[in-house]
Structures are given as C-alpha cells and as structure tokens.
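Down below is the structure, laid out as structure tokens.
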Amino acid sequence: MDIPILEMGIQKHIAKNLQEANKKRIISQQLYTSAEAYLLECLGMTEFAANPNACNVKTLKESFLETWIFSTN
C-alpha cells in the first residue's frame with residue numbers, strides 16, 4: 001500500500017490533532033475514575049470489589065419458565 005508524504009503543514013496539523021486527542025483521552029480517563037470513586041463513595045461502597053469469578057448458570061428452560069411465570073401474573 002502506498003502511503004503519501006503530505007506537506008509539512010498538513011503533517012503538523014495532524015500531529016497537533018493527535019496530541020490534543022491523546023490529552024483529551026487521558027483527561028477523560030481521569031474524570032471517569034474520579035466519577036466512579038465519587039459514585040462508590042455516595043453509595044457507601046468504597047471498599048467494593050467485584051468477584052470476577054462470580055457467575056449464575058441457568059438452563060434455557062429455567063430462564064424461560066421464570067420469564068413466563070412473571071409475565072402471566
């Protein structure tokens with residue numbers, strides 16, 4: 001695949017945009033982490049740690065019956 005060599009002005013413009021995008025990505029990650037911490041604090045769950053091994057296994061029949069029972073009541 002041929003990759004064109006662009007004018008220096010366009011290269012600088014692209015570089016500037018990439019640097020700005022990277023700065024915004026870093027800021028967004030920091031804000032997300034801060035918002036997550038604030039939410040957990042408000043909920044009183046600052047020590048919360050999800051169990052990555054937790055799961056709930058049901059057969060399709062069990063799941064369908066629960067859905068059907070709730071929808072008929």
Query raised in the report: Which pairs pass side chain to side chain donor-acceptor pair (under 3.5 Å) with one or both residues in residues 1-15, sequence neighbours excluded?
Result: H13-N17

Please tabulate, for side-chain N and O atoms in residues 41-53, each donor-acceptor pair with protein atoms closer than 3.5 Å (sequence neighbours left out).
{"unit_1": "N51", "atom_1": "OD1", "unit_2": "N53", "atom_2": "N", "d": "2.9"}

Requested in this report: Verify the cluster assignment for I10 and L18: are they in a single hydrophobic cluster under the rule of side-chain heavy atoms below 4.5 Å apart?
Outcome: yes

Can you give each donor-acceptor pair under 3.5 Å made by side-chain atoms of residues 20-30, sequence neighbours left out, with the distance rounded to 0.1 Å?
{"unit_1": "N22", "atom_1": "OD1", "unit_2": "R25", "atom_2": "NE", "d": "3.2"}
{"unit_1": "N22", "atom_1": "OD1", "unit_2": "R25", "atom_2": "NH2", "d": "2.6"}
{"unit_1": "R25", "atom_1": "NH1", "unit_2": "Q29", "atom_2": "OE1", "d": "3.3"}
{"unit_1": "S28", "atom_1": "OG", "unit_2": "K24", "atom_2": "O", "d": "3.4"}
{"unit_1": "S28", "atom_1": "OG", "unit_2": "R25", "atom_2": "O", "d": "2.7"}

